[in-house]
Engineer: 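Encoded as structure tokens, here's the structure I'll be asking about.
Whatever order the structure lists ligands and atoms in, that order sets their numbers, starting from 1.
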Amino acid sequence: MYCVKEIQKDLYWVGGTDRRLALFENAFPIPNGISYNSYVLLDEKNVLFDTVDRAISGQFFDNLEYVLGERELDYLVINHMEPDHCATIGEVIRRYPKVQLVCNQKTVPLLKQFFDFSVEEKLVLVKEGDTLSTGHHELTFVMAAMVHWPEVMVTYDKTDKILFSADAFGTFGAMNGNLFADEVNFETEWLSDARRYYTNIVGKYGVQVQALLKKAETLEIKLLCSLHGPVWRKNIGWFVEKYQKWSSYTPEENAVMIAYGSIYGHTENMANILACCLADEGVKNVKVYDVSATHPSYLVSEAFRCSHLVFASVTYNSGLFSNMEHLLLELKAHNLQNRTIALMENGSWGPAAVRKMAEILDSMKNIELLEQKVAVKSSVKDAQAEEIKALAKEMARAVKGN
Ligand code: FEO
């Protein structure tokens, strides 16, 4: 049975949601599920924009059949070839053998790698600025390499001013009946998933996202149709502003994230004492996380949100506690930059965590490490309260001066 949403009289959402998948890309927890969006434009030539993940192909084809009815499917625009969107292309071609594939040259090898059908005879190749008339509508194509794969492009419907933005402006989270972002409480219920999606999936490619945003500035956008999550028709600028911040590695909020790696609780104690000292210094918006209990994808997202970071780690095997090392390497891999950071360590016989953490952070761009450090041996003693207070004061000065 179909589950279709009409966006406007000739445009339909034919995607679906998956609440069974535990890990997106077999890496990122998605407790709120995920949607795979696909859109049909009915015109003299009928167009499908991207397909969906194999997991929801049954729903997708029910939707597609319902919307098309007896009509022909003329074009499939392929904005992105990652399998969460391309997996069902082969089946689309089997069911609609006359369909032509509208894509750019970089898509071709990926089509051949993933599928066995005769790719060349199906192609309508497009490049930056090319247009395609479907009758009433005129589509134009904007290349968006590395947002999030090399072949990515976005498609702009010049007639109705709709941007089909591929992964850009997507979010984790299953749809709950309402299709439009203005029909849900996006800021309180979706933003953290949108941030975690952006930072973990596309966060490394800030330069390329900035390039796409620059191109998008020249377009009047009335509808923003991403491949994941709600469709935007109101207050689009608010979400674009979030993307401006995330992609330029500008902190979203004046806030402190304290991430600690603790084995028996003493390093955790040090982190909690610091949090209290920061609060005493008048710092608001402090969040404390255990790196062993929190999936790194949440901490990457929080590191993009917060202006100031504290890493407190125990020393382990004469090196860095592995969960803390994993987090720092994730932050480096996602190109995090422009942050002020404080370090704290613990080690019963040979503390090495600060040195090891600094080695990773020194290789990242525009990271300022605070002078004041705290080194604890085994457990926090009263005598070290002053050291922690001094660190809190230095951090508070940095937060307030931000
Ligand atoms: Fe939603 Fe890069 O795929």
Engineer: Need one value: angle at atom 1 (Fe) of ligand 1, His228 atom NE2 versus His85 atom NE2, rounded to 10 degrees.
Structural biologist: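 Reported to 10°, the angle equals 90°.
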Engineer: Specify which N/O/S atom of Asp84 comes nearest to atom 1 (Fe) of ligand 1, by atom name.
Structural biologist: OD2
Engineer: Of the non-hydrogen atoms in Ala353 and Val314, which two are nearest, and what is the gap between them?
Structural biologist: CB-O, 3.8 Å
Engineer: Phe172 ring centre to Arg196 NZ or CZ under 6.0 Å, with the angle to the axis within 45°?
Structural biologist: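 That pair does not qualify as a cation-pi contact.
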Engineer: Do Phe164 and Ser226 make a side-chain contact, defined as non-hydrogen atoms from C-beta onward lying under 4.5 Å apart?
Structural biologist: no
Engineer: What is the name of the N/O/S atom in Glu82 that sits closest to atom 2 (Fe) of ligand 1?
Structural biologist: OE1
Engineer: Counting heavy atoms not belonging to Lys122, are there more than 12 under 6.0 Å from its NZ?
Structural biologist: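 More than 12 within 6.0 Å, yes.
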Engineer: Check His148 and report its N/O/S atom nearest to atom 2 (Fe) of ligand 1, by atom name.
Structural biologist: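 Atom 2 (Fe) of ligand 1 is closest to the His148 atom ND1, counting only N, O or S.
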Engineer: Measuring from atom 2 (Fe) of ligand 1, name the closest N, O or S atom belonging to His80.
Structural biologist: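 Per the distance ranking, His80 contributes NE2 as its closest N/O/S atom to atom 2 (Fe) of ligand 1.
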Engineer: What is the name of the N/O/S atom of Asp167 that is nearest to atom 2 (Fe) of ligand 1?
Structural biologist: OD2
Engineer: With Tyr2 as reference, evaluate Tyr66, Phe60, Tyr12 under the side chain to side chain contact (heavy atoms under 4.5 Å, CB included) test and give the passing residue.
Structural biologist: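 The option that passes is Tyr66.
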